[in-house]
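Scroll down for the structure; my scribbles are underneath it.
Model, not experiment: these values are computed from the prediction.
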Amino acid sequence: MAEPPLLPLKENKIAKGTFAVVGIMSTLVIYGILQEKIMRVPYGPNKEFFSYSLFLVFCNRITTSAVSAGVLLASKKALDPVAPLYKYGVVSISNILTTTCQYEALKYVSFPVQTLAKCAKMIPVMIWGAIIMQKKYQGQDYLLAVLVTLGCSLFILYQGAGDISPFNRGRENTVWGVSLMIGYLGFDGFTSTFQDKLFKGYDMEIHNQIFYTTVCSCLLSFTGLILQCNLLMAIDFVSRHHDCFFDIALLSTVATASQFFISYTIRTFGALTFATIMTTRQLVSILLSCLWFGHPLSWEQCIGAVIVFGSLYARSFLKTKEKAETKAPGGS
């Protein structure tokens, strides 16, 4: 008599899984294509390039903060900060530096190079985890980090014979681009580790952290735009190029939506499932970018990509196996 409810439960889990996968894949793939288009594709008959990275950060964060505030008010949850405000500020500063490095890097390296380099995120996460959280890692974690680093190095060092993209800006600078990506990875690793510490140190709701972090980011990015005298120039650019305004609005929308799909996936299925979905998303994003923007891949880059994604999928498989063995009767 206990069997009939199992089918609806299974169907409900499949429906939730499909919702999570479609949500993350669609929003982040669109986000990836849009950020490359905004930063690398010229606008208007005079072929003008958008170069105000901090303005993109400001637009993204103000959209996310407004939506998160709406969610907190709609769910009748308190808007009061749970942690000291300076801790939200630390996450916010690191997050702004992360996103700025990401956008700026697209001026100097192609999106496929940037996306694959992001797979090396586990290395700074492990370093910051050891420093901030005093975490200890197993041998297979270090082996995976070495393999991913090797694959990323192959992908970055052995560029395609020539970029057939009509949008190539003619100013590819791998050294500066890689330096920005290293900055991105370092700041991003710190951000995620410090966020993890906040969640474990305080009884914090996800939307509460998103709201206060993004509000701080809005204030900081707005201040940065004023100090750089770029705010009016960025507004003038989007007012003259309505298609750029539409791209930025859509970018901010999908960036905000992705935040909530990510939170839903981690809360419902855990970090391991989320990591597997993100790995697949990165692979799809690279393939779409190569097709859409005409980025050629050398055979060394193909080998590097196989090493990176093969290692990441192997990690997910091993973690799933370990989890199953732990849950099994008699498991430790």
Side-chain angles (χ1 to χ4, degrees), residues 20-44 47-61 63-64 98-119 121 152 155-156 159-160 163-172 177 180-181 184 188 234 237-238 241-262 265 274 276-297 301-302 305 308-309 312:
V21 171
V22 171
I24 289 177
M25 292 285 286
S26 59
T27 54
L28 290 182
V29 167
I30 293 170
Y31 177 83
I33 291 172
L34 280 172
Q35 71 174 359
E36 181 168 19
K37 181 175 184 288
I38 292 169
M39 298 306 297
R40 291 175 66 90
V41 176
Y43 288 94
K47 304 295 182 184
E48 296 179 78
F49 289 99
F50 185 85
S51 59
Y52 311 104
S53 303
L54 208 53
F55 185 74
L56 291 181
V57 176
F58 174 71
C59 292
N60 288 354
R61 299 303 179 266
T63 305
T64 305
T98 298
T99 312
T100 303
C101 284
Q102 175 183 333
Y103 289 143
E104 285 294 311
L106 277 174
K107 296 177 182 178
Y108 305 99
V109 297
S110 67
F111 179 77
V113 169
Q114 186 194 76
T115 302
L116 198 81
K118 288 179 184 179
C119 294
K121 176 181 174 179
C152 289
F155 203 89
I156 292 168
Q159 299 289 319
D163 197 339
I164 61 173
S165 170
F167 310 120
N168 188 3
R169 304 185 69 163
R171 60 170 185 165
E172 298 289 337
L180 286 166
M181 284 309 301
Y184 162 83
D188 191 49
F237 188 96
V238 297
H241 303 286
H242 294 161
D243 49 344
C244 182
F245 173 81
F246 174 78
D247 288 341
I248 293 173
L250 185 56
L251 180 79
S252 299
T253 302
V254 295
T256 301
S258 69
Q259 287 292 320
F260 292 97
F261 278 118
I262 288 168
T265 303
F274 170 67
T276 306
I277 295 171
M278 287 297 286
T279 301
T280 306
R281 191 275 301 183
Q282 287 167 327
L283 179 59
V284 171
S285 295
I286 287 175
L287 293 174
L288 280 177
S289 179
C290 288
L291 292 172
W292 197 310
F293 295 101
H295 301 299
L297 295 180
Q301 285 182 307
C302 292
V308 170
F309 289 112
L312 293 174

Seminar exercise, completed: Shortest non-hydrogen pair, Y103 vs M39, comes out as O-CE, 3.7 Å
Problem set entry | Set of residues satisfying ring-ring contact (aromatic ring centres under 6.0 Å, His included) with respect to F58, sequence neighbours excluded | F222
For this session: Decide ring pair (Phe, Tyr, Trp, His ring centres under 6.0 Å) for Y43 and F50; before the verdict, give the C-alpha distance in whole Å, the side-chain angles of both, and the deciding distance to 0.1 Å.
Result: CA-CA 8 Å; Y43 288 94; F50 185 85; 7.5 Å; no
Exercise. For residues 242-258, which residue pairs qualify under salt bridge (charged side-chain N to carboxylate O under 4.0 Å, His left out), counting only residues two or more places apart or in two chains?
Worked result: K37-D247
For this session: Taking ring-ring contact (aromatic ring centres under 6.0 Å, His included) as the test, write out the residues that go with Y31, two or more places apart.
Result: none
Exercise. So which heavy atom on E104 is nearest to which on S51, and how close?
Worked result: OE2-O, 4.2 Å
For this session: Could you go through the side-chain contact (heavy atoms from CB on, under 4.5 Å) check for Q102 and S53 one step at a time?
Result: CA-CA 9 Å; Q102 175 183 333; S53 303; over 6 Å; no
Problem set entry | Smallest separation among heavy atoms of F237 and C244, with atom names | CE2-SG, 3.7 Å
Exercise. What distance separates I38 CD1 from L251 CG, expressed to the nearest 0.5 Å?
Worked result: 4.5 Å
Exercise. Listed by chain and number, what are the side-chain hydrogen bond (donor to acceptor under 3.5 Å, both in side chains) partners of T98, not counting sequence neighbours?
Worked result: none
Problem set entry | Heavy-atom pair with the smallest gap, counting every atom of M181 and A105 | SD-CB, 3.7 Å
For this session: Return the set of residues passing side-chain hydrogen bond (donor to acceptor under 3.5 Å, both in side chains) with S252 (not counting sequence neighbours), or none when no residue passes.
Result: N60
Problem set entry | Separation between OH of Y184 and OG1 of T99, rounded to the nearest 0.5 Å | 8.0 Å
For this session: Indicate yes or no: at least one non-hydrogen side-chain atom of S258 is less than 4.5 angstrom from one of V254.
Result: no
Seminar exercise, completed: Contacts of D188 meeting side-chain hydrogen bond (donor to acceptor under 3.5 Å, both in side chains) (sequence neighbours excluded), chain-then-number -> K121
